[in-house]
Amino acid sequence: MLSEQELVRRENLQKVIELGINPYPSEEFVVSHSSKLIKNNYTEESSDEFSEVIVAGRLMMKRIMGKASFAELQDSSGRIQLYISRDDICTGDDKTMYNTVFKKLLDIGDFIGIKGFVFTTKTGELTIHAKELVLLSKSLKPLPIVKTDAEGKVHDAVTDPEFRYRQRYADLVVNPSVKEAFVKRTKMYNSIRDFLNTKGYLEVETPILQPLYGGAAARPFKTHHNTLDMTLYMRIANELYLKRLIVGGFDGVYEFSKDFRNEGMSRFHNPEFTQIELYVAYKDYEWMMNLVEEMIEKVALDVTGSTIVKVGDNDINFQRPWKRYTMYEAIEEFTGVDISQMDEDNLRNAAKKMEVPLDPTMARGKIIDEIFGEKCEPFLIQPTFITDYPVEMSPLAKKHRTEEGLVERFEAICNGKEISNAFSELNDPIDQRERFEAQLDLGKRGDDEAMVLDEDFLRALEYGMPPTAGVGIGMDRLAMIMTNSNSIQDVLFFPQMKPETTSIKPEKE
RNA sequence: GUUCUGUUAGUACAAUGGUUAGUGCACCUGACUUUUUCUCAGGAAAUAAGAGUUCAAUUCUCUUACAGGAUACCA
C-alpha cells in the first residue's frame with residue numbers, strides 16, 4: 001500500500017521519463033569537490049579556484065522563490081547550499097528544466113549533480129551558484145525530515161529505535177552522528193590491527209562453521225551441511241582453532257572473529273558479535289595484562305584523541321597502569337567476606353547471606369562467578385584487571401603457578417562490564433582432558449553451557465603447544481565505550497531484530 | 001523471561017465520554033530572482049485490532065498485536 005507521498009513520487013518519476021530524462025543514468029559523474037572541501041577552503045581571495053566546481057549528493061531541501069531558488073545538497077561529507085536561478089540553468093527559451101523538473105519533479109532525497117561556482121550570499125552563507133543541474137537518481141520513498149532551527153533546536157528528530165535499526169540506511173542519511181560512531185568503530189579496528197601487526201603478529205582466519213563448538217561457555221547455533229549430511233555449529237569463540245595454529249608453529253596469531261551465541265538479546269547482547277582473540281607463544285597472563293593495557297590505551301587515543309573517555313556520567317581513564325585485584329581480593333573488597341578457603345556448602349551459605357541468587361546446578365566456581373558478577377563487577381567503572389579465577393570456571397586456563405585451586409586468568413572490567421578475558425593457556429594435554437571431562441559432568445548436572453570434549457583439539461595439544469598467553473576482547477563492548485553508546489545496537493549497523501510484521505491497515509478506497 | 005509504559009495523518013506532538021479531533025514540518029495547487037525552519041493564499045490526510053461498560057467510547061475497562069524502557073543469563 002503506497003502512501004499519498006509515494007504515489008506523487010512515482011508520478012514525478014513517470015513525468016521525468018516522459019520528458020526524455022533518464023532518472024537512473026549509468027554514466028560516471030565526475031565530482032570535483034566535496035561540500036566539506038569547499039567549506040573548509042573557500043575564501044574571497046581563493047574564489048578563483050572555486051569558479052567551477054562539480055558536486056553531487058542528495059537534494060535535502062528546496063526553498064523556491066519564483067524564478068530562483070535555494071536548495072541544500074548533502075554529500076558524504078556534509079551539506080552545502082545551492083542557488084539555482086531559472087535563467088542560469090536554462091540558458092535558452094526552454095525553461096522546462098527549472099519550471100518543471102527542478103520545481104515540480106525533483107523530490108527531497110533525489111541524487112543530483114551540480115556544476116557551478118562558489119559565492120557567498122548577502123546573508124553570508126557559502127553557496128554554489130548552479131550553472132547546470134543533472135538528475136542522478138530518483139528517490140521514491142520520502143525520507144524523514146529533520147530540521148534544525150536558528151536556535152539550533154532540532155525538530156522532528158528521528159529517534160525511534162525501531163526505525164533507526166531496521167532502516168539504518170535512512171538513519172544514516174538523516175542522523176549524521178550515527179556515521180561518526182561507525183567511523184570510530186572502524187578506527188578502533190584499525191588501531192588494534194596496526195598495534196598487533198607492528199608487534200609482528202599474524203592476522204588469520206579460522207572456520208565459522210565447526211563440527212564441534214568450543215572455547216567458551218555458551219549455547220550455539222546449530223546448522224546442517226547437506227552434502228556431508230552432518231551437523232555443524234556456528235562458532236561461539238575461535239580459541240581452540242587459534243591454539244591449533246600456535247601448535248603449528250606461529251608465534252603470534254590473532255583474528256577478528258564473528259561469534260554466534262544462541263542466547264538472550266539485550267542492549268549488551270546481539271546473537272552475532274565480534275571478538276578479537278590473540279595468542280602469543282612463550283608468554284604468560286602477566287605479560288598479556290601489560291599488552292592489553294598498552295593496546296587499549298592506544299585505542300582510546302586513536303579513536304577519541306584522549307586516554308580519558310566519557311561514557312555516560314563517567315570519565316573513564318585508560319592511562320596505564322590499571323588497577324589489579326585477584327578475584328578473592330575483589331570479593332573481599334566489595335563484600336567484606338573472605339571466601340578463599342570456603343568449600344561449596346559454605347560458599348552457598350555465604351552467597352545466600354549476600355542475597356546472590358543461585359540455582360542447584362551451580363558448582364563452586366560458578367557460585368564465585370555469581371558473587372563476583374553481582375557484588376563487584378557492576379561497581380568497577382575504571383579499567384581494572386581481575387586475576388586468578390577458580391579452576392572450575394576456566395577449563396582452558398593453566399593452573400596457577402603457586403595458588404591451589406586457581407588458574408592464571410584475568411578479565412579486564414570497565415564501566416561495570418567485562419571487556420576482555422585472558423589466560424596463560426592450558427597446554428598440558430592430560431590436564432586438558434580432565435578439565436573437559438569435568439565439563440561433561442557439569443553438562444550432566446544440567447549446565448547447558450558446559451563445554452564439549454574436543455578430541456581433535458586434544459590431539460593437537462598432545463603434539464605439544466608452547467607456553468602461550470591468550471586474550472579475547474569484546475569489540476562491540478569496547479566500541480560502546482569508545483563511542484559512548486548506551487546499547488550494542490548503536491555500534492552495529494544492522495542489529496538483529498524480530499521479523500517485521502506487515503501492519504494490518506484498512507484498505508483505503 | 002519478568003515488569004512498567006506506550007500505540008492519534010507521511011512524521012513529531014496536542015486534545016476530548018457527545019456537534020467539525022488541533023498544531024508544526026513533510027505533501028498537493030498558486031504567487032515570489034540572494035533566501036535560510038523563506039514568506040503569503042488555499043487544499044488533502046489520522047484515533048493499532050477485537051470485546052465490554054454506556055443513550056453515546058478516540059477517551060473508561062479487558063484481551064490481543066506491536067514497540068520502547070528497566071531488570072535477569074550469556075561477550
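No experiment lies behind these values; they were computed from the predicted model shown.
A/Arg348 and A/Glu344 are joined by a salt bridge, as a carboxylate oxygen and a charged side-chain nitrogen come within less than 4.0 angstrom of each other. Comment: A/Arg324 engages A/Glu293 in a salt bridge, judged by a side-chain N to carboxylate O separation of less than 4.0 angstrom. The pair A/Arg185-A/Asp476 counts as a salt bridge, with a side-chain nitrogen and a carboxylate oxygen less than 4.0 angstrom apart. Residues A/Arg9 and A/Glu11 are not paired through a salt bridge, judged by the lack of any N-O separation under 4.0 Å between the basic side chain and the carboxylate. In summary, A/Arg219 and A/Glu263 do not engage in a salt bridge, as defined by a charged side-chain N under 4.0 Å from a carboxylate O. Classification of A/Lys95 and A/Asp87 as a salt-bridged pair holds, one side-chain N sitting under 4.0 Å from a carboxylate O. With salt bridges taken as basic N to acidic carboxylate O contacts below 4.0 Å, one links A/Glu255 and A/Arg235. Between A/Glu425 and A/Lys398, no side-chain nitrogen of the basic residue sits less than 4.0 Å from a carboxylate oxygen of the acidic one, so the salt-bridge criterion is not met. Under a 4.0 Å N-O distance rule, the pair A/Glu52/A/Lys131 does not qualify as a salt bridge.
Rounded to an integer number of Å, the gap from A/Ile64 CD1 to B/rU37 C1' is 16 Å. Across the protein-nucleic acid pair, A/Glu11 atom CD and B/rC27 atom C1' stand 12 Å apart, rounded to whole Å. The distance between atom CG of A/Leu140 and atom P of B/rG10, rounded to the nearest whole Å, is 18 Å. Summarising the geometry, the separation between CG on A/Leu7 and P on B/rC28 is reported as 12 Å, rounded to the nearest angstrom. Here the P atom of nucleotide B/rA26 and the CG atom of A/Leu143 are 14 Å apart, to the nearest Å. For A/Ile84 and B/rU33, the CD1 to P distance is 15 Å, given to the nearest whole Å. Here B/rC25 presents its C1' atom at 14 Å from CZ of A/Arg63, a figure rounded to the nearest Å. Put simply, CD on A/Gln496 is 16 Å from C1' on B/rA75, counting in whole angstrom units.
Mapping A/Glu377 and A/Ser85 onto RNA chain B via the closest heavy atom, the residue that lands nearer the 5' end is A/Ser85.
Taking atom C1' in both B/rU58 and B/rU16, one finds a spacing of 8 Å when rounded to whole Å. Atom name C1', nucleotides B/rA57 and B/rG17: the rounded distance is 6 Å, in whole Å. A gap of 12 Å separates the P atoms of B/rA15 and B/rC60, to the nearest Å. The P atoms of B/rC25 and B/rA70 are separated by 34 Å, rounded to the nearest whole Å. Using P as the reference atom, B/rA21 and B/rU59 are 16 Å apart when rounded to the nearest Å. Distance noted for atom P between B/rU19 and B/rG52: 23 Å (whole Å). B/rU7 sits 36 Å from B/rU39 when the C1' atoms are compared, rounded to a whole Å. B/rC32 and B/rA46: their P atoms are spaced 32 Å apart (whole Å).
Within the structure, every side-chain polar atom (N or O) of A/Lys103 is placed at least 4.0 Å from both OP1 and OP2 of B/rC28. A/Arg9 has no side-chain polar atom (N or O) that falls below the 4.0 Å cut-off from OP1 or OP2 of B/rC27. For B/rU34, the OP1/OP2 oxygens have no side-chain nitrogen or oxygen of A/Lys122 closer than 4.0 Å.
Residue contacts shown for A/Asn270 include a base, since a base heavy atom lies under 4.0 Å away. Residue-level contact check: A/Gly474 touches neither bases nor backbone, having no heavy atom under 4.0 Å from any strand. Among the protein residues, A/Asp259 comes within range of no part of the nucleic acid, since none of its heavy atoms lies under 4.0 Å from any strand. Counting non-hydrogen atoms under 4.0 angstrom, A/Glu418 reaches the backbone sugars and phosphates but no base. At a threshold of 4.0 angstrom between heavy atoms, the contacts of A/Lys141 with the nucleic acid are absent.
Relative to the side chain of A/Arg267, the nucleotides B/rC38, B/rC28, B/rU71 differ in distance, and B/rU71 lies closest. Counting only heavy atoms from C-beta on, A/Glu263 has its side chain closest to B/rA75 among B/rA75, B/rA72, B/rU34. Relative to the side chain of A/Asn486, the nucleotides B/rA70, B/rC28, B/rA72 differ in distance, and B/rA70 lies closest. The side chain of A/Glu374 sits closest to B/rA72 out of B/rA72, B/rC27, B/rG10. Comparing atom distances between the A/Val8 side chain and each of B/rC28, B/rU33, B/rU34 picks out B/rC28 as nearest. With B/rU35, B/rU34, B/rA44 as the candidates, the nucleotide lying closest to the side chain of A/Glu4 is B/rA44. In this structure, the nucleotide among B/rC27, B/rG30, B/rC38 sitting nearest to the side chain of A/Met65 is B/rC38. Side-chain proximity of A/Ser266 to B/rC73, B/rG10, B/rC28: nearest is B/rC73. Of the listed nucleotides (B/rU33, B/rG10, B/rC38), B/rC38 has the atom at the smallest distance from the side chain of A/Met61.
Stacking between A/Phe273 and B/rA75 is shown: the ring centroid lies under 5.5 Å from the centre of the six-membered base ring, and the planes differ by under 30°.
A donor-acceptor contact under 3.5 angstrom links the side-chain atoms of A/Gln81 to the base of B/rU35. Applying the 3.5 Å distance criterion, the base of B/rU35 shares no donor-acceptor pair with the side chain of A/Tyr83.
Residues that satisfy the ring pair (Phe, Tyr, Trp, His ring centres under 6.0 Å) test with A/Phe182, not counting sequence neighbours, are A/Phe493.
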Where each pair must be Watson-Crick or G-U wobble with both distances under 3.5 Å, what dot-bracket representation of RNA chain B is obtained, with crossing pairs in [ ] and other-strand partners as |?
-> (((((((..((((....[...)))).(((((.......)))))....(((((..]....))))))))))))....

